[in-house]
Amino acid sequence: MRIGVLTGGGDCPGLNAVIRAVVRKGSEVHGHEFVGFRDGWKGPLEGLTMPLDAAAVHGILPRGGTILGSSRTNPMKIEGGVEQIEQNLAALGVDALVAIGGEDTLGVATRLDEHGFKVIGVPKTIDNDLNATDYTFGFDTAVSIATEAIDRLHTTAESHHRALVVEVMGRHAGWIAMHSGVAGGANVILIPEVPFDIDEVCGWVEHRFQAGHAPIICVAEGAVPTDGDLITKNAPLDAFGHVQLSGIGEWLAKEIERRTGRESRTTVLGHVQRGGTPTARDRWLATRFGLHAIDAAHEGDWGKMVALQGVDIVRVPLRAATAELKTVPAELYDEFKIFFG
Ligand code: F6P
């Protein structure tokens with residue numbers, strides 16, 4: 001078979017490890033050929049390709065980003081997009097696709113599967129919010145980076161007797177904020193799933209100062225106050241209808257300073273969480289996903305996504321994986337409230 005591989009949506013440490021595993025096992029064990037599609041769904045839509053063989057994947061295992069490039073192109077929003085992809089795959093002699101992506105990229109894969117395309121999905125997102133898999137690769141790297149940042153913020157906060165707010169990624173789900181906030185010993189953690197009361201937050205901040213320490217507030221970009229709205233950038237929606245977030249950290253620091261009189265500052269980690277070399281754990285998971293994805297393709301088990309359940313890699317229908325997001329349960333959030341304030 002000739003198999004096309006693409007990476008879509010926000011990039012994520014470990015993408016190259018998946019590509020390498022797919023190509024190495026696919027060519028060396030199963031005897032398939034590969035075509036790299038550039039920049040997510042833009043590749044199949046516009047026929048943008050690059051060679052993808054053993055030489056192309058040599059040395060990419062520890063590299064961040066994706067050698068294929070990525071984009072948030074949505075072929076379902078383009079008139080005749082599906083037919084265009086069909087024609088390009090036929091012209092390139094591509095029989096099947098391995099799509100590596102998050103909810104949006106795999107949402108398109110699900111629709112293409114319904115149209116009869118041969119597709120296998122691999123879950124990717126630093127946000128860890130994809131259903132049907134216990135973890136996505138990239139998450140461990142993002143959490144490590146955010147935890148290190150919180151460790152560093154503690155010492156400067158203590159020196160200056162300031163409240164420091166750290167804003168991490170997490171549009172709909174607070175997994176990064178939860179894991180890094182707990183690992184880094186943040187004094188307040190705020191997530192999109194649980195709207196927060198600013199008076200309560202200020203109470204925790206003041207309590208921490210009273211105990212002789214400087215508070216660290218870890219907030220996910222999608223967190224919202226009980227009596228306010230999501231803070232967004234004044235930017236156009238992307239092709240999947242997402243607003244651009246960020247700003248809640250700045251808002252919090254200002255409100256804390258105004259209400260408590262304590263000096264407060266913000267650090268927005270942003271894309272630093274997504275860039276650079278993946279952790280060993282992410283390389284391990286990404287490699288396993290790649291090996292199992294190419295096995296699924298070789299067996300013709302189309303319309304599936306590989307997923308981690310416990311310690312096993314399983315196959316789940318693409319539809320099940322993209323039907324809803326995996327968010328932080330309220331009980332899990334409550335477990336850590338003992339550390340607030
Ligand atoms: O990959 C998901 C994510 O990390 C979200 O948490 C965040 O809102 C988004 O990407 C931002 O990505 P970009 O700046 O590439 O649109």
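Because only heavy atoms are used, hydrogens play no part in the values below, and waters and symmetry mates are left out as well, while side chains stay in. Read the numbers this way: they start at 1 and go in the same order the structure lists the ligands and their atoms.
- With ligand atoms numbered from 1 in the order given, ligand 1 contributes 6 (O), 8 (O), 9 (C) to contacts under 4.0 Å with heavy atoms of R171.
- Scanning all protein heavy atoms for the shortest distance to atom 12 (O) of ligand 1 gives R274 NH1, 2.8 Å.
- Counting the atoms of ligand 1 from 1 in the order shown, those under 4.0 Å from a heavy atom of G170 are 6 (O).
- Nearest non-hydrogen protein atom to atom 4 (O) of ligand 1 is M169 SD, 3.0 Å.
- Ranking the protein heavy atoms by distance from atom 8 (O) of ligand 1 puts E221 OE2, 2.6 Å first.
- Annotation for R111: atom CZ does not count as buried by contact number, only 12 or fewer foreign heavy atoms lying within 6.0 Å.
- When the heavy atoms of Q273, R72, Q244, E103 are ranked by distance to atom 16 (O) of ligand 1, first place goes to R72.
- Counting heavy-atom neighbours within 6.0 Å of W302 CH2, excluding the residue itself, gives a total above 12.
- The local environment of CZ in R281 is sparse, with at most 12 non-hydrogen atoms from other residues, nucleotides or ligands closer than 6.0 Å.
- Shown in contact with I126 at under 4.0 Å from a heavy atom are these atoms of ligand 1, numbered in order with element: 4 (O).
- Among protein heavy atoms, atom 14 (O) of ligand 1 sits closest to H271 NE2, 2.7 Å.
- In this structure, H207 places its NE2 atom where only 12 or fewer heavy-atom neighbours from other residues, nucleotides or ligands lie under 6.0 Å away.
- For ligand 1, the polar-atom distance check against G10 finds no nitrogen or oxygen pair separated by under 3.5 Å.
- With a 6.0 Å radius and a threshold of 12 heavy atoms from other residues, nucleotides or ligands, I338 has its CD1 atom at or below the threshold.
- Classification of the H242-F240 ring pair by plane angle, with boundaries at 30° and 60°, yields parallel.
- D127 OD2, 3.5 Å is the protein heavy atom nearest to atom 3 (C) of ligand 1.
- For CZ of F336, the number of neighbouring non-hydrogen atoms (other residues, nucleotides, ligands) closer than 6.0 Å is greater than 12.
- None of K25, R288, K304 except one satisfies the salt bridge (charged side-chain N to carboxylate O under 4.0 Å, His left out) rule with D295; the exception is K25.
- Neither the backbone nor the side chain of D238 comes within contact range of ligand 1; no heavy atom lies under 4.0 Å.
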